[in-house]
Structure formats: structure tokens, C-alpha cells
S.K.: 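Before anything else, here's the structure in question.
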Amino acid sequence: MCFLNLYLAMDSDDEKHAKRRKTNHDDDQPQTTGMEILPHEIIVDILSRLPITSLVQFKFVCRGWRALAQDPLLAGMHLSWKADSNPCLILHCDFPIRNQLYFVDLSAHNQDKEKVKRLYVPFQATMPEFDVVGSCNGLLCLSDSLYNDALYVYNPFTMDYIELPKSRQYPDQEVVFGFGFHPKTKEYKVVKIVYYRNTSSSYNRARRIIYPQSDVQIFTLGSSAWRSLGKVSYQFVRRPSEALVSGRLHWVSRPRRYYPARRLMSFDLADEQFREVPKPDCGGLNRCNFHLSVLRGCLAAAVYGNYGKLEIWVMKDYNVKESWIKEFSIGAYTPKCLKQNLDRDRPLKIWKNASNGKVVRVLCLLENGEILLEYKNRVLVSYDPKKGKFRDLVLQGIPNWFQTVVHAGSFNWINTPP
């Protein structure tokens with residue numbers, strides 16, 4: 001940081017001298033700044049260690065800094081540093097009517113890490129109601145929650161966005177999404193699994209609508225059209241993929257008549273194949289009482305137990321059943337504001353889209369080893385596994401109801417054809 005402070009001071013002085021020397025044609029001539037004193041690689045390395053909130057302010061200083069902020073090298077190095085630091089959290093709020101996105105940067109070095117700020121969604125006029133499909137390498141994928149026909153990929157900190165082409169629609173359908181990146185192919189893909197029916201008489205004994213047919217559609221960012229991969233033999237829980245690990249998206253299957261056990265399924269974004277992933281031997285994953293997450297790059301399953309307890313199982317070696325270990329056990333806890341019985345004001349839609357109505361959701365591990373949790377779409381809580389203590393995060397400007405998305409704030413963007 002001392003290099004950066006010196007760098008900022010030099011550039012500030014040069015800006016003052018440049019104003020004194022300004023002539024009528026200065027606006028058309030490049031100006032020399034203190035940035036040229038240091039090699040480009042060193043400058044990029046210094047800036048790549050800053051939180052995204054500082055970089056956003058940085059690019060508005062002058063034209064030269066704005067050009068530097070658009071350097072793909074800076075975006076790549078910044079993402080690599082962010083992998084081991086505290087994340088940026090995106091808070092999706094659909095209460096009362098119009099959807100909103102907020103963010104808080106937990107890696108900020110000042111009071112910004114305690115302030116929640118609103119994000120601008122440039123295409124919201126055409127898609128006022130949306131769901132967050134997923135976050136990957138600083139990019140968000142949003143889907144139209146009303147009609148499931150519009151999809152956008154956008155960077156909330158650069159305002160860059162693209163609208164994906166329309167895919168095939170069915171009159172009566174249920175849709176499951178996924179969004180991710182594969183490190184080997186270097187491709188971003190959106191997966192759309194459509195379950196549909198041709199008649200109006202597909203019900204089971206519980207009167208739940210059955211969608212017997214399916215169509216797996218996939219779109220590669222940079223291409224011009226969707227592709228169909230055919231049918232899928234599994235019924236997935238209707239929510240976006242909860243975990244992207246090693247270039248694979250993960251879902252939990254619904255129980256079926258002849259397959260009552262819930263299965264943990266992956267979709268490889270490289271070869272575009274579904275595969276079953278071995279589950280831990282904790283005995284509870286056959287019921288609807290767990291959710292998936294990613295903890296330091298590893299696939300994790302948070303299993304709800306009796307009396308509000310929670311177990312977190314982590315797969316240390318991907319796709320190796322024996323590598324599942326129970327890494328954390330978290331006792332029951334009720335945040336202070338939830339003790340006031342404020343559930344009467346909750347928005348029904350966001351509640352139904354949560355982790356099947358469960359009280360707590362595991363988000364990520366923080367730099368200090370604490371576990372970040374979300375309680376009832378209302379409170380963020382940090383849990384210290386060493387001391388067994390909970391701490392409610394008090395954030396200025398946090399919305400009343402929200403769904404949290406763990407996000408790597410970045411200037412990253414995709415080169416797409418015009």
C-alpha cells in the first residue's frame with residue numbers, strides 16, 4: 001500500500017502541474033503523469049490487490065487511469081487475488097415490488113465494508129422482475145422471473161451487459177438454470193433445463209404438477225444461438241445451481257417413484273455431460289434437509305439436524321467419496337432481530353425461493369476462518385468455529401429482506417462478437 005500512496009501522490013501533483021501548463025490544444029494532446037515512473041506490470045500488480053470499491057473510484061481519476069482499469073491483465077490478476085480474500089456480497093431484494101441489487105465489499109479496508117450500497121441494473125426497465133441465476137468471475141447472470149424468456153449477463157461494477165438470444169419456450173414448463181465457467185475451455189456457459197408437459201392432466205397423488213418431458217438447452221457466451229442437448233433423466237429441485245466447482249455445476253435431484261433417494265448431480269461445462277457425484281455418509285441427504293455451497297473451492301453440503309443444528313460436510317478431493325469429512329458442527333442460534341417476530345412483513349416470493357424455508361444458509365468462509373451465514377433472508381451472521389460464538393453483522397443500509405450471492409467483484413468482461 002505504501003507504493004500505491006506514493007503513486008497517488010505523484011499523480012496528484014502531476015495533475016496540478018498539468019492544469020497550470022494547459023493551453024488551448026491541451027485537450028487533444030496526451031499528458032505525462034507519474035504513472036510512467038513505475039513499470040506497467042508493477043502498477044497492475046499493486047492495483048490488483050485493491051478492493052473493487054477502490055478500483056471503481058480509481059477509474060474516474062483521469063483518462064489514463066480509466067484506460068488502465070480496462071486492461072484485461074488487471075482484471076485477471078484482481079480475480080486471482082480475490083480468490084483468497086473476503087468476498088463481495090450481492091444482496092438480491094424483490095420487496096416490495098421492483099427488484100433491486102445491493103452490495104457490500106467485505107474486503108474493503110475502511111468503513112465501506114460496513115456499508116451496503118445499491119447497484120444500478122441498466123436493463124431493469126425491460127426486466128423489472130428477475131432472479132439471480134449465478135455469479136462467476138465477477139459476472140452475474142440474471143433471468144426474467146415472470147416469463148423465463150429473457151437472460152442477461154452483466155458486470156455490476158462496469159455496467160457492461162449483454163442480452164442472450166431467446167431460447168425455445170414451451171406453453172407449460174418449469175425451468176432450472178445454471179451459469180459457470182470452465183478453466184480448461186475458457187468458456188462461459190448458461191444451462192437451461194426445461195421440464196414441460198403436453199397435457200393438463202399430469203399430476204401425482206399429492207396433486208403436484210408433473211412435467212414428464214425435458215429439454216436441456218445450453219448457450220456459450222460468444223456464440224450466436226442456443227443448442228439443445230436432448231433430455232435429462234433426472235428431475236432437479238427448482239432453483240439455480242448452488243455450487244460451481246472445477247468447471248462443474250451441481251444440483252440436487254427430486255425423489256422419484258422408483259428412485260426415492262435424492263441424488264447429487266453435476267454437469268461438466270467442458271464435455272457437457274451429467275454425472276452423479278458421491279454423497280457423504282451422513283445419513284441425512286436422502287431428505288430435503290440440506291443445501292450445497294462452495295467453501296474455499298471445495299464442494300460442501302450443509303445438513304440440517306434436529307433442534308436447529310447444522311453440520312457442514314466438505315469434499316476435500318473432488319468426486320472421491322472417501323474425501324467427504326464433517327468439518328463443522330454449528331449449534332442452534334437465533335439472531336437478535338429475528339427474536340422480535342417480524343415474519344408478518346416477509347415477502348412471500350423471496351421466502352419461497354430461499355433454501356426450502358430453512359432458517360440458515362451457509363454462504364462462505366472468511367479470511368479469519370469464520371463461517372458466513374444467512375438467517376431467514378434477513379440477517380448476516382459470522383460464526384467462529386474455534387470459539388463457538390456467533391456475531392450478527394451490523395451493516396448500514398441493508399434491506400429488510402434479501403437473498404445473498406457470494407460474488408467476486410471485478411472489472412472482468414467477455415469478448416463477444418458484434
Side-chain angles (χ1 to χ4, degrees), residues 72 75-85 87-88 90 132-143 151 153-155 162 164 167 176-193 216-223 226-230 232-234 236-237 239-253 263-280 291-301 313-321 323-324 362-365 405-410 412-416:
M77 292 186 65
H78 188 258
L79 277 175
S80 66
W81 280 108
K82 292 293 103 178
D84 297 324
S85 63
C88 173
I90 301 291
V132 179
V133 172
S135 167
C136 181
N137 293 343
L139 305 180
L140 285 177
C141 181
L142 306 181
S143 68
L151 281 163
V153 173
Y154 108 110
N155 187 319
I162 56 172
L164 274 57
S167 59
V176 176
F177 285 108
F179 171 62
F181 173 82
H182 200 286
K184 291 184 178 180
T185 63
K186 307 296 183 183
E187 291 179 328
Y188 291 87
K189 295 182 180 181
V190 179
V191 180
K192 181 178 181 181
I193 306 171
V216 180
Q217 304 172 17
I218 190 164
F219 183 83
T220 302
L221 269 65
S223 64
W226 289 80
R227 294 177 288 114
S228 176
L229 303 181
V232 61
S233 56
Y234 304 96
F236 295 138
V237 176
R239 59 175 180 258
S241 169
E242 295 177 309
L244 173 65
V245 179
S246 301
R248 299 171 179 88
L249 296 169
H250 296 80
W251 293 272
V252 178
S253 70
R263 300 187 179 190
L264 182 54
M265 301 299 302
S266 71
F267 180 80
D268 194 316
L269 292 171
D271 62 19
E272 300 179 353
Q273 297 293 320
F274 287 96
R275 295 180 177 88
E276 185 172 359
V277 179
K279 298 181 297 185
H291 68 269
L292 303 176
S293 63
V294 180
L295 299 182
R296 289 182 178 155
C298 296
L299 183 64
W313 291 72
V314 179
M315 182 182 267
K316 294 295 186 177
D317 190 1
Y318 184 78
N319 213 30
V320 177
K321 182 178 177 62
S323 69
W324 280 106
V362 177
L363 298 177
C364 64
L365 282 175
V405 179
V406 179
H407 184 73
S410 170
N412 183 38
W413 190 237
I414 316 116
N415 293 324
T416 57

S.K.: Would you say V406 and V294 make side-chain contact, with heavy atoms under 4.5 Å?
M.R.: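 A side-chain contact under 4.5 Å is absent here.
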S.K.: Quick one: which of S167, S228, S143 gives a side-chain contact (heavy atoms from CB on, under 4.5 Å) with K192?
M.R.: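 Considering S167, S228, S143, a side-chain contact (heavy atoms from CB on, under 4.5 Å) with K192 is found only for S167.
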S.K.: With sequence neighbours left out, write down each residue that passes ring-ring contact (aromatic ring centres under 6.0 Å, His included) with H182, or none if nothing qualifies.
M.R.: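 ring-ring contact (aromatic ring centres under 6.0 Å, His included) check on H182 returns nothing, list empty.
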S.K.: Would you indicate whether the side-chain heavy atoms of D268 and R275 approach each other to under 4.5 Å?
M.R.: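 Yes. Closest side-chain heavy atoms under 4.5 Å.
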S.K.: Can you tell me how far apart OG (S241) and CG (L292) are? Round to the nearest 0.5 Å.
M.R.: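 Reported to 0.5 Å precision, the distance equals 8.0 Å.
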S.K.: Under the criterion side chain to side chain contact (heavy atoms under 4.5 Å, CB included), I'd like the reasoning laid out for C298 against M315: C-alpha separation, chi angles, the key distance, then a yes or no.
M.R.: CA-CA 6 Å; C298 296; M315 182 182 267; 5.7 Å; no
S.K.: For a 4.5 angstrom cut-off between non-hydrogen side-chain atoms, does L151 reach F179?
M.R.: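 Counting from C-beta outward, L151 and F179 never come under 4.5 Å.
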S.K.: Going through the checks in order, is the side chain to side chain contact (heavy atoms under 4.5 Å, CB included) test met by F236 and F267?
M.R.: CA-CA 12 Å; F236 295 138; F267 180 80; over 6 Å; no
S.K.: Applying the side-chain contact (heavy atoms from CB on, under 4.5 Å) criterion to L229, which one of I193, V191, V216 satisfies it?
M.R.: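 Going through I193, V191, V216 one by one, the side-chain contact (heavy atoms from CB on, under 4.5 Å) with L229 is satisfied by V216 alone.
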S.K.: Is there a donor-acceptor contact under 3.5 Å from the side chain of K321 to the main chain of K279?
M.R.: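 Yes.
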S.K.: I want to check something: taking the side chain as every heavy atom from C-beta on, are C136 and Y188 in contact at a cut-off of under 4.5 Å?
M.R.: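 With C-beta onward as the side chain, the pair touches.
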S.K.: Would you check if T220 and R227 make a side-chain contact, meaning some heavy-atom pair closer than 4.5 Å?
M.R.: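 Contact flag for T220/R227 side chains = yes.
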